[in-house]
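Indexing begins at 1, ligand by ligand and atom by atom, following the structure's order. Count residues from 1 along the sequence. Keep in mind the model is a prediction, meaning the values are calculated, not measured.
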Amino acid sequence: MSAGGPPGRPARLALLLAVVMAFFCSAASKDEARNQLLMREKMMRLGGRLVLGKQEELANARLMALKKAEMAQAMKTQKFPPSMHFFQAKNLIEKSEVFHILKKMPKGAALHVHDFSILSMDWLVKNVTYRPHCHFCFTPKGALQFKFAYPTPPTPRPAECSEWILLEKYRRGLQNVTEFDNSLLKNFTLMTENPEATYADQNAVWAKFEAIFFTISGLVYYAPVFRDYVFQALEEFYQDSVLYLELRAMLFPVYELNGMVHNREWSVKTYKEVACMFAKKHPGFIGIKIIYSDHRSKDVSLIMESVRTAMVLRALFPRMVAGFDLVGREDTGHSLYDYKEALMLPASHAVKLPYFFHAGETDWQGTSVDRNLLDALILNSTRIGHGFALSKHPAVWADSWKKDIPIEVCPISNQVLKLVSDLRNHPAAVLMATGYPMVISSDDPALFGAKGLSYDFYEAFMGIGGMVADLRTLKQLAMNSIKYSALLDMEKKVAMKTWEESWNKFVADLARRPN
Ligand SMILES: *[C@@H]1O[C@H](CO)[C@@H](O)[C@H](O)[C@H]1NC(C)=O
Ligand SMILES: *[C@@H]1O[C@H](CO)[C@@H](O)[C@H](O)[C@H]1NC(C)=O
Ligand SMILES: *[C@@H]1O[C@H](CO)[C@@H](O)[C@H](O)[C@H]1NC(C)=O
Ligand SMILES: *[C@@H]1O[C@H](CO)[C@@H](O)[C@H](O)[C@H]1NC(C)=O
Ligand SMILES: [Zn+2]
């Protein structure tokens, strides 16, 4: 610098030069600072530390080109499926190339799904209600109930249901059977053309949600249907490139045509047999495990009983029964804290009963319900179902991360049940950006008109993950589903190897894809 030099032209020139240089240098270093921030955030993201192989890089480029094109199109039309209600977005999603790739992508495991909402309801209408000896009746509130029986089921009390009608006979008297079947289907799902109008609030949508389970119970708990349901559901997930499932199962009594009912052990055994048979016929399929679940509306003494039952079932079927959960709408109260006496039971008997609690499926920050997240952590939950409210609890967030407790994110469920409307605003976006461990699941796909995991992966990849989510994100999510499963270490190794083989094949296909 010539600051100390003689005044005059050259000095001024030098000064000017210095100023210009400083401008360019600081611009360059500003860009560097930006790039460093971008790089740091990229590394922090879920999957950010994965190093892709050569084929994977190629596949990623193909995938991201499609994703960018679809995003650009959406910005132009202002029609972006993740920002729309799933019922209105479904048709658009099905036209997406990215979605078709996600369907083929080996997604690993479905870790958060419920026993009788995992198979398209079409099957119940088209197959189950067409079986012989199927009866139905109407409750005083107009809800449908079903029962298989021969000759006829005992007449219900009028306060409960109308007289039983044989469905076969009823259909014979109909002018338009298609119309009737469509109306049945409407009874079995939440789907409607105008969800905002049909479901004004969370109460309305939850009321119908619970009503559906009541309606279909008589169909799915009929023993021959029960078996076929499990088999068909596995088929639907297998077709969607899912190799293993953990089912939250209530294990209600399954009945025979003559009215005889089976106990819970029978149900677990049947799940096991059907899954085994399915695995034999479907290469690469690993199997299923059950998370025994009770409804959180019950009082403490009953939940105490269920916890005991869970311990017994786990002792009887250690490889089949993974643990215990409480299900049902959290916002009705009945917090984990209310049940702490029951939930401490295994620990106080030095029995290990892994928990997989639903927690934080709420928008009501700071309420007793919202504190379920604290108790899930304290009770050593293996995973957290939803964890929708986790980002509002920094201490729980930090500790559960330290303990490597993943959340099971179910985007479509959270949207349909009205916790969030635009999935770009799903709180998992924050957690995903920080790299918090998570898996993607579908909760009750059949009730939402979804199937398998792909629709939820689409929402997570396009909506929650934003533009920066790429093949690394997807690979991490798939690997997480095996890593955080309840499989034994040996089983995990096998599952991971099986998954890797199909992943490599998927990547090779995608890399070869002409653009
Ligand atoms: C229902 O599906 C089963 C196979 O899952 C099949 O054997 C049966 O014939 C079907 N029944 C009807 C009525 O479609
Ligand atoms: C029966 O109802 C369906 C659905 O509402 C309709 O598309 C079809 O045209 C009807 N068929 C007859 C024969 O009326
Ligand atoms: C349920 O099915 C019954 C019988 O077909 C029908 O009357 C009723 O409208 C259906 N409910 C809905 C919500 O579609
Ligand atoms: C949770 O884990 C801690 C530490 O291992 C243990 O002390 C505690 O008893 C466990 N609680 C339950 C309810 O299992
Ligand atoms: Zn759930």
Can you confirm whether the side chains of [X] and [Y] place a donor and an acceptor under 3.5 Å from each other?
X: D375; Y: Y355; value: no
X: R264; Y: Y292; value: yes
X: T332; Y: R296; value: no

**OP:** State the atoms of ligand 1, each with its element, that fall below the 4.0 Å cut-off from a heavy-atom position in N127.
**Re:** 1 (C), 2 (O), 3 (C), 8 (C), 10 (C), 11 (N), 12 (C), 13 (C), 14 (O)

Original post:
With atoms numbered from 1 as shown, which atoms in ligand 1 lie under 4.0 angstrom from a non-hydrogen atom of Q232?
Top reply: 5 (O)

**OP:** For ligand 4, list the protein residues that place a heavy atom within a distance below 4.0 Å of one of its atoms, sorted by chain and number.
**Re:** M344, A347, L379, N380

Ring centres under 6.0 Å, that's the criterion: do [X] and [Y] meet it?
X: F138; Y: F136; result: yes
X: H112; Y: H386; result: yes
X: Y455; Y: F99; result: yes

**OP:** Could you tell me whether R314 sits above the aromatic face of F324, with NZ or CZ closer than 6.0 angstrom to the six-membered ring centre and within 45 degrees of the axis?
**Re:** no

Original post:
Within 45° of the ring axis of F448 and under 6.0 Å from its six-membered ring centre, is that where the NZ or CZ of K90 lies?
Top reply: no

Mind listing the side-chain donor-acceptor pairs of residues 207-219 below 3.5 Å, one per line with the distance, residues two or more places apart or on another chain?
{"unit_1": "K208", "atom_1": "NZ", "unit_2": "K186", "atom_2": "O", "d": "2.9"}
{"unit_1": "T215", "atom_1": "OG1", "unit_2": "L144", "atom_2": "O", "d": "3.0"}
{"unit_1": "T215", "atom_1": "OG1", "unit_2": "A211", "atom_2": "O", "d": "3.2"}
{"unit_1": "S217", "atom_1": "OG", "unit_2": "F214", "atom_2": "O", "d": "2.8"}

Original post:
Which atoms of the protein, restricted to N, O or S, are nearer than 2.8 Å to the Zn ion (ligand 5)?
Top reply: H112 NE2, H114 NE2, H358 NE2, D443 OD1

Subject >> Residues that H135 engages under ring-ring contact (aromatic ring centres under 6.0 Å, His included), provided they are two or more places apart >> reply: none

